[in-house]
Amino acid sequence: MTTERYNPRDAEPRWQAIWDEKNIYATRNDDPRPKYYVLEMFPYPSGRIHMGHVRNYTMGDVVARYKRARGFSVLHPMGWDAFGMPAENAAMERKVHPREWTYANIAAMKKQLKSMGLSLDWAREIATCDPSYYKHQQKMFLDFLRAGLVERKQSKVNWDPVDQTVLANEQVIDGRGWRSGAMVEQRELTQWFLKISAYSQELLDALDTLDRWPEKVRLMQRNWIGRSEGLHVRFALDPATMQNVPYAAGNELEIFTTRPDTLFGAKFLALSPDHPLAAAVAAHNPKLADFIVEARKIGTAQEAIEKAEKLGFDTGIKAQHPFDPTWLLPVYVANFVLMDYGTGAIFGCPAHDQRDLDFVNKYGLGNTPVVCPPDVDPKTFVITDTAYDGDGRMINSRFLDGMTIAQAKDEVARRLESQTRGNRPVAARQVNFRLRDWGISRQRYWGCPIPIIHCETCGVVPVPDKDLPVTLPDDVDFNTPGNPLDRHPTWKHVACPQCGGKARRETDTMDTFVDSSWYFARFTDPWITDAPTDRTQVDRWLPVDQYIGGIEHAILHLLYSRFFTRAMKKTGHTGLDEPFAGLFTQGMVVHETYRRKTGEWVMPSEIKILGNEDARRAVLIESGEDIEIGSIEKMSKSKKNTVDPDDIIAAYGADTARWFMLSDSPPDRDVNWTEKGVQGAWRFTQRLWRLVHEAAGIAKNAPAQRPATFGEPALKLRKAAHGALAKVSEAIETLHFNVAVAHLYEFANALSDAIGDVESKPEPGLAWAMREAAGILVLLFQPMMPHLAEECWAALGHDSLAATQPWPAVEADLLIENTLTLPVQINGKKRADVTVPRDASKDAIEAAVLALDAVQKALDGKSPKKVIVVPQRIVNVVA
RNA sequence: GCCCCUGUGGCGGAAUUGGUAGACGCGCCUGACUCAAAAUCAGGUGUAGCAAUACGUGCUGGUUCGAGUCCGGCCAGGGGCACCA
């Protein structure tokens, strides 16, 4: 009797219009119910959404809809990460203003997102390029400046020669710019820095409290922060070797080491090529000067950084061993010592550090092992090509001999701390971090202007709060590379706010990661005009309960946001430290690749698949030309293996796309987009529609009152319904969407069986159970397929909206079975089943098991060695 | 090089965290309906075997009444960091 098909092209826009009209997804800031803030990482407005967005926003939407049904006041906003390079590239290539380009893209993408049926509160929409947003960012920059969290300093920076801008360390991947892919060069520039390193320890410690973050992300951040404990040691330099060296710091050299225990294995000291002492020696030593120039090249723009040979240059200076002034160590300049870690100088213990060993083997400085591995005879222990960095006992180390590494470290620190030279201890325990301050200056137009004025007489002057925002000029040209703000004829020329004299604006704009470091806070009250946040709202809504996005932001965005939230707290804009209580990182959307014999990539929409499995092949639709089917890879424009969400929604509807995104693959793994898979999802939407309509036909005749008793088929259906309810709820709570999907399939199968029972085994309670079950089914899939749910909910005779219904309540009694079927194992292998009453005693179960034929046979008249009865689980007979 | 994660049918993946391995879906096979196809419906589908049964969660050892799950060693794939002293 199935006639009509569900038509998403008609139904989806219809329900979207109704949701809009009734404004059901708006969140009120005065809602007294418990709050739940679910947020997906906001998109860059590139112009079109891609499948990764579909997956990301579908997951967030399921959580939002589920929590709403669970009675929470849900905040689920959307905005745009709208500043950035592509807008300027478009301006250069297509002569369109970045603002126009960006806002046109936002309009297009908003339309696409709306077609997905997401339950978003669009009234809170923000775009980071809007002065009403970046005004507050400028205010916070100035607040941070006053709080000592901003610094302006000259530093070596990573310069991207293609984008013509500076990149943070985090934005350099394998020596290349994260966006342009160009080899990064080193340049000296004066930059604005946010002092994230002031929070190194705190950012590290607090990771332990983020128990709803993936362990993987926490580990990556831990490694990035890179805490190491060690000793800061002052080596005295032999005055005889320091003649003619104009070195301001005097006759000493400070080093940092994490292995003070190996001090008696020292063979040399080494300076970074950028160390002031190296420069001082080079002033009178042209060969060293040349060496330093060469060494710097290797550390920067050279391709093979990791393969660079360890090179050194002997300065002729000698340093005294801290425990023995007569023991002199040569001081080298070495290309592998970094200036901006520790003190820019090290001591080398070749026996226990591979780099140092490579170095001494090249320059013939020898090595002395000072840590002997367990079970090795110290007399025969020698190091040749491989340094030993494992555990052991101290040898060849005078008063340290026999100690463990930990004891030796402590002993060295203790002795050197109490020695003084020039009224200062010779050594101090020190903690070092790898994390550097966050350089935010970018030489770009399309970013948030840094609200600073440089005055010839007053120096660096903050723009007064009353003059905010500093807005971008509209009349800019992109015909030449570099920063359009810098070459704008008038924009940068202003009067100094302090003295009124001639001054110029800072023409650098902020890194766009600043924009995304606080948008989640702005969403809590995007309407407030005189402050970045309303403290009542931001403190009530934050932290974000569930944040969802890509793993690619594990360090950059998430670490910056954690820092920024703390900085906002310090300046009174929030009351908390951690912005994201729960984090989920979703996998990518991948797809097969296709290419012509000539090697050109071909889009999935351009080809047709013929045959199955081994006989599977692809041809170009247009010409019938054979196409090679390649590996499954991340969807990307370059390999053309993308599928356009618009096409999928036009062909199958948003619900089918959403359902497929959630089914099969666990959400944190990659999902392979296949035509077969989409068709499977499509068939299921049709099947649900039919099932619910059939069930509705039966339910029409159901009594209004719940029957006092239910027959077997009705009870079976009710158990299936409530079982599914319990399992789907749990799966959504734990974000195991693929498991929720599987339980919904199972439940649909059970409903289908029950519909068959109506004819074969009619009974009065079944119609009532059918109505209950169909209702539960619809509400269970509502978070995933909201349009279909509305259509089905209406078919069940409701004039309310499925999207606003409370989550159904489980009848716990139905989940408890009166009799249990336990598996019976003999010696750990399953051999039989036994059905016993739920409350049967262990003895009763044991007796029932021993009476089983299979058990009798296995025991062969003997009595069992042991019978293990695990209540409600399993029985194991040990024969 | 260091650190981390993952290996389960033809495929995507389940498995109450030590208790019936393979739920659910895809694919495939058989049947029904149809002039036929699509759609739909019913049944089957880890491997070997006619069967009883045996084997089976990357390999290998161990702990346990019982191991996909815990421990040791290896192999493969993926990711992060990489002169950080």
Side-chain angles (χ1 to χ4, degrees), chain A residues 2 5 173-175 214-224 226-228 230-231 255-260 262 270 272 298-299 305-308 310 334-338 340-349 352-356 358-359 389 432-436 551 554-555 612-614 616 660 663-666 668-672 674 676-681 683-684 686-687 690 727 730-731 736 738-749 752 756 821-833 864-870 872-879:
Chain A
T2 51
R5 284 177 132 205
I173 294 141
D174 290 335
E215 187 50 44
K216 184 190 167 106
V217 174
R218 292 196 282 169
L219 189 73
M220 281 164 71
Q221 292 210 354
R222 233 172 249 134
N223 290 339
W224 189 264
R227 183 184 197 274
S228 62
L231 199 65
I255 63 103
F256 173 74
T257 180
T258 57
R259 294 296 302 272
T262 64
S272 162
I298 288 171
I305 301 171
E306 67 269 27
K307 291 190 180 71
K310 309 241 170 327
N335 64 348
F336 63 95
V337 181
L338 303 175
D340 49 4
Y341 187 80
T343 62
I346 60 157
F347 86 83
C349 175
H352 306 289
D353 183 294
Q354 193 60 46
R355 291 160 304 182
D356 298 344
D358 294 346
F359 190 77
D389 61 359
N432 257 328
F433 294 93
R434 213 184 74 111
L435 183 65
R436 313 285 158 74
I551 186 77
I555 297 170
N612 273 310
E613 302 192 14
D614 293 345
R616 214 165 154 272
F660 180 60
S663 41
D664 289 358
S665 293
D668 52 344
R669 287 205 212 162
D670 293 349
V671 64
N672 186 18
T674 62
K676 287 263 198 265
V678 185
Q679 283 165 1
R683 278 201 301 273
F684 188 61
Q686 297 297 327
R687 178 154 180 251
R690 269 196 319 273
K727 286 173 187 160
E730 211 223 307
H736 293 141
N738 59 322
V739 180
V741 164
H743 289 307
L744 281 168
Y745 271 113
E746 230 166 337
F747 181 22
N749 291 342
S752 179
T821 300
L822 301 179
V824 176
Q825 294 183 333
I826 295 165
N827 295 329
K829 301 233 162 166
K830 196 209 160 191
R831 287 291 182 258
D833 291 302
K865 284 207 190 83
K866 204 172 175 184
V867 179
I868 292 137
V869 179
V870 184
Q872 299 179 38
R873 278 282 155 76
I874 200 166
V875 182
N876 192 9
V877 179
V878 185

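As the structure is a prediction and not an experimental result, all values here were calculated from the model. Naming convention: chains lettered A, B, ... in sequence-line order (proteins, then strands); numbering from 1 in each chain.
One P atom belongs to rC35(B), the other to rG27(B), and the distance between them is 26 Å to the nearest Å. Rounded to whole Å, the C1' atom of rC4(B) lies 29 Å from the corresponding atom of rG9(B). Using atom P as the reference point in both rA67(B) and rG56(B), the two lie 11 Å apart (nearest Å). Look at the C1' atom in both rC71(B) and rG49(B): the space between them is 37 Å, to the nearest Å. Only the P atoms considered, rC33(B) is 39 Å distant from rG13(B), to the nearest whole Å. The separation of rA42(B) from rC59(B), taken at their P atoms, amounts to 38 Å, rounded to a whole angstrom. Distance noted for atom C1' between rC55(B) and rU17(B): 27 Å (whole Å). rU20(B) and rG66(B): their C1' atoms are spaced 12 Å apart (whole Å).
Residues Arg218(A) and Glu215(A) are paired through a salt bridge, judged by an N-O separation under 4.0 Å between the basic side chain and the carboxylate.
Side-chain atoms of Arg687(A) and Asn749(A), non-hydrogen and from C-beta on, do get closer than 4.5 Å to each other. Using a 4.5 Å heavy-atom cutoff, the side chains of Ile551(A) and Lys216(A) are in contact. Contact of the Arg259(A) side chain with the Asp353(A) side chain is not registered, since no non-hydrogen atoms from C-beta on lie closer than 4.5 Å. Using a 4.5 Å heavy-atom cutoff, the side chains of Val870(A) and Val875(A) are not in contact.
Between the side chain of Ser272(A) and the backbone N or O of Val337(A), at least one donor-acceptor pair lies under 3.5 Å. In terms of modelled atom types and a separation under 3.5 Å, the side chain of Asp356(A) and the main chain of Cys349(A) share a donor-acceptor contact.
Across the protein-nucleic acid pair, Asn827(A) atom CG and rA67(B) atom P stand 11 Å apart, rounded to whole Å. Rounded to whole Å, atom P of rG80(B) lies 9 Å from atom CD1 of Ile551(A). In this structure, Phe747(A) atom CZ and rG25(B) atom C1' are separated by 18 Å, rounded to whole Å. The separation between Leu435(A) atom CG and rG80(B) atom P is 19 Å, rounded to whole Å. Between the CD atom of Glu215(A) and the C1' atom of rU6(B) there is a distance of 16 Å, given to the nearest Å. Rounded to an integer number of Å, the gap from CG of Asp668(A) to C1' of rG79(B) is 13 Å. Here the C1' atom of nucleotide rC4(B) and the CE atom of Met220(A) are 10 Å apart, to the nearest Å. Arg5(A) places its CZ atom 14 Å from the P atom of rA38(B), with the value rounded to the nearest Å.
Counting non-hydrogen atoms under 4.0 angstrom, Arg831(A) reaches the backbone sugars and phosphates but no base. The residue Leu219(A) sits close only to the backbone: its heavy atoms come under 4.0 Å of sugar-phosphate atoms, none of a base. Here Asn672(A) lies out of heavy-atom contact (under 4.0 Å) with every strand. Across all strands, Ser663(A) comes closer than 4.0 Å to no nucleic acid atom at all (heavy-atom distances).
When all heavy atoms of Ser663(A) and Val741(A) are compared, the closest pair comes out as CB-CG1, 3.5 Å. Residue Asp389(A) comes nearest to His352(A) through the heavy atom pair CB-O, 4.2 Å, listed as atom of the first residue, atom of the second, then distance.
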- Query: How does RNA chain B look in dot-bracket notation if pairs are Watson-Crick or G-U with both distances under 3.5 Å, crossing ones as [ ], other-strand ones as |?
  - Reply: (((((((..(((......[....)))((((((.......))))))(((....)))..(((((..]....))))))))))))....

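Minimum atom distance to the side chain of Lys676(A) is reached by rC26(B), of the listed rA85(B), rC81(B), rC26(B). When each of rC4(B), rG80(B), rU40(B) is scored by its nearest atom to the side-chain atoms of Arg683(A), the top-ranked nucleotide is rU40(B). The side chain of Val337(A) lies closest to rA85(B) when the candidates are rA85(B), rC24(B), rC4(B).
OP1 and OP2 of rG25(B) both lie 4.0 Å or more from every side-chain N or O belonging to Tyr745(A). Checking the phosphate oxygens (OP1, OP2) of rA82(B), a side-chain nitrogen or oxygen of Arg434(A) falls inside 4.0 Å. The side chain of Thr674(A) places no N or O atom within less than 4.0 Å of a non-bridging phosphate oxygen (OP1 or OP2) of rC26(B). Between rC41(B) and Arg687(A), a contact under 4.0 Å exists linking OP1 or OP2 to a side-chain N or O.
The CG atom of Asp664(A) sits 8.0 Å away from atom CG of Asn738(A), with the distance rounded to the nearest 0.5 Å.
Counting distance only, with no hydrogens placed and no angle test, the side-chain atoms of Lys310(A) and the base atoms of rC83(B) include a donor-acceptor pair under 3.5 Å.
Taking 90° from 0 as the syn/anti boundary, the base of rG9(B) is oriented syn. In rU34(B) the O4'-C1'-N dihedral to the base is more than 90° from 0, which defines an anti nucleotide.
A residue-by-residue look at Gly344(A) and Ser752(A) shows that Ser752(A) has its nearest nucleotide of RNA chain B further toward the 5' end. Residues Val878(A) and Gln679(A) each lie close to RNA chain B; by heavy-atom proximity, the contact nearer the 5' end of the strand is made by Gln679(A).
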- Task: For each nucleotide in nucleotides 13-22 of chain B, reading 5' to 3', give B when a protein heavy atom comes within less than 4.0 Å of its base, S when such contact involves only the sugar-phosphate, and - otherwise.
- Result: SS-B--BB--

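Using the six-membered ring where Trp is involved, Tyr745(A) and Phe684(A) have ring planes that are tilted, between 30° and 60° apart.
With sequence neighbours excluded, no residue satisfies side chain to side chain donor-acceptor pair (under 3.5 Å) with Gln679(A).
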